[in-house]
K.L.:
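Dumping the structure here so I can ask a few things about it.
All of these numbers come straight from a predicted model, not from anything done at the bench. Start at 1 and go down the list; that is how both ligands and their atoms are numbered.
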Amino acid sequence: MPIKGKFRRIATEEAFSIPEVAEALRGIARGPGNSIDLTLVRNIYDAQPGRDLNNFLTGLLDLEGRRLEIMDELGVDMHLLALTAPGVQMFDADTATDLVARANDRLAEAIARHPTRFSGLASFAPQSPRRAAKEMERGIKELKLNGFMVNSHTNSEYLDDPKYWPILEAAEALDRTLYIHPRGPSDGMATPFRDYMIHGAMWGYGLEVATHAVRLIVSGIFDRFPKLKICLGHMGEGLHFMLWRIYFMNTAAQRGGRVPKLQLKPSDYFKRNFVITTSGMESDLALDFSLKALGPDKVLWAIDYPYQPAPPAVAWMDAVQVSDEIKHKLYHANAERVFHIAPEK
Ligand code: 1DF
Ligand code: MN
């Protein structure tokens, strides 16, 4: 049991894996290709001595050992777990569909053993959108999971593509939030990210996801699916900082008749359809901007375990200068509402 903090602490972007997925990713790692994701996949899943420097795989596969101890030590009440990036999105459709069901089952079992410590997001295999929608339904209705996770593009395609609409339809109909988590920039945008180690969490991940979200907004997805709810990590991947400019330029493009006409402003969709988390972005200034731009109900605390160290994530949120009312929202109340997590008794 965690030491009881002043605030219940629910961390909302916490990664795990299962041996079968790790094994399949090892197969991908040993295969051909040079996509950005392969860099990470080779480092984590086919680690040569000295390559898995951060021992990520150990942390990902361990749900009930060291993870819970660290949570206890820091007073972290709950991890909202999700199958780690790239999920099953680098496999063929059949392998992905099969493995994702196993990962969701395993997640539900861990939650059943630790219902106050874990909640979880259902993954799905976008490679087969109709089966994905079925798995999403199973994830919510049978496994009682709390929302959905997708790792941005699939084979360099984005969810605004009509072939993926069954997934968005399912998320909307099931009334659960879809977390768009990073993976490496898709092949068409990868080249300039290959130098200076900017391909991953430092820069490439955020631009990949922000681009995905911009596509959803300007394609008119939120007019077609007005109740679709999206969650972005890493302080919204900075997207809300750019909404003024996106609006100005998109409006000009709309006037020219070359892009879909939107019913609302991009910022209105962002405020209506999006929430963000603080994963890996422990910046007072960025949090202050986010609270002002979006309001206190739209920001959720996260760690990004095991990729980010947990102690500073807790220490930072503990020290953030906001009212207790807002800190309750950041630390747990927004997560409870957005991800349908039962409030503490
Ligand atoms: C990293 C970062 C890896 C994040 C992740 O999953 C991830 C990393 C593979 O630093 O290698 O989820 N992140 O969300 O920032
Ligand atoms: Mn992450």
K.L.:
What's the atom name of the N, O or S in E13 nearest to the Mn ion (ligand 2)?
P.N.:
OE2

K.L.:
Can a non-hydrogen atom of H181 be found less than 4.0 Å from any atom of ligand 1?
P.N.:
yes

K.L.:
Between K271 and D297, does at least one N-O distance fall below 4.0 Å, as a salt bridge requires?
P.N.:
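No, this pair does not count.
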
K.L.:
Pull out every atom of ligand 1 sitting under 4.0 Å from any heavy atom of A85, numbered as shown with elements.
P.N.:
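Near A85, the atoms of ligand 1 are 6 (O), 9 (C).
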
K.L.:
Tell me: protein heavy atom nearest atom 13 (N) of ligand 1, and distance?
P.N.:
D304 OD2, 2.6 Å

K.L.:
Would you mind listing which atoms of ligand 1 come within a distance below 4.0 Å of any non-hydrogen atom of L40?
P.N.:
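Reading through ligand 1 atom by atom, the close ones are 3 (C), 9 (C), 11 (O).
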
K.L.:
Determine, for D94 against R131, whether the closest basic-nitrogen to carboxylate-oxygen distance falls under 4.0 angstrom.
P.N.:
yes

K.L.:
Testing the 3.5 Å rule here: is there a donor-acceptor pair between the side chains of D318 and Y331?
P.N.:
yes

K.L.:
Taking the six-membered ring for Trp and the single ring otherwise, decide whether the centroids of Y307 and F56 are under 6.0 Å apart.
P.N.:
yes

K.L.:
Just do the side chain to side chain contact (heavy atoms under 4.5 Å, CB included) check on S17 and L83 with the steps written out, would you?
P.N.:
CA-CA 5 Å; S17 192; L83 182 66; 4.1 Å; yes

K.L.:
Do W316 and D284 meet the criterion of a side-chain donor-acceptor pair at a distance under 3.5 Å?
P.N.:
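A donor-acceptor contact under 3.5 Å links the two side chains.
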
K.L.:
Return yes when Q308 approaches ligand 1 closer than 4.0 angstrom through a heavy atom, no otherwise.
P.N.:
no

K.L.:
Which of the numbered atoms in ligand 1 are under 4.0 angstrom from any heavy atom belonging to A201?
P.N.:
2 (C), 10 (O), 15 (O)

K.L.:
Identify the protein heavy atom lying closest to atom 8 (C) of ligand 1, giving its residue, its atom name and the separation to 0.1 Å.
P.N.:
Y307 CD2, 4.0 Å

K.L.:
Can you list the ligand 1 atoms lying under 4.0 Å from a non-hydrogen atom of T84?
P.N.:
6 (O), 9 (C)

K.L.:
When you draw lines from the Mn ion (ligand 2) to NE2 of H181 and to OD1 of D304, what angle lies between them, to the nearest 10°?
P.N.:
160°

K.L.:
Quick one: does H234 get an N or O within less than 3.5 Å of an N or O on ligand 1?
P.N.:
yes

K.L.:
Within the 3.5 Å criterion, strictly below it, is a donor on S290 or H240 matched to an acceptor on the partner's side chain?
P.N.:
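Indeed, the side chains of S290 and H240 share at least one donor-acceptor pair under 3.5 Å.
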
K.L.:
Is the distance between the Mn ion (ligand 2) and the nearest N/O/S atom of H234 smaller than 2.8 Å?
P.N.:
no

K.L.:
Counting only heavy atoms not in D324, do more than 12 fall under 6.0 Å of its CG?
P.N.:
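Counting neighbours around CG of D324, more than 12 heavy atoms of other residues, nucleotides or ligands fall under 6.0 Å, so yes.
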
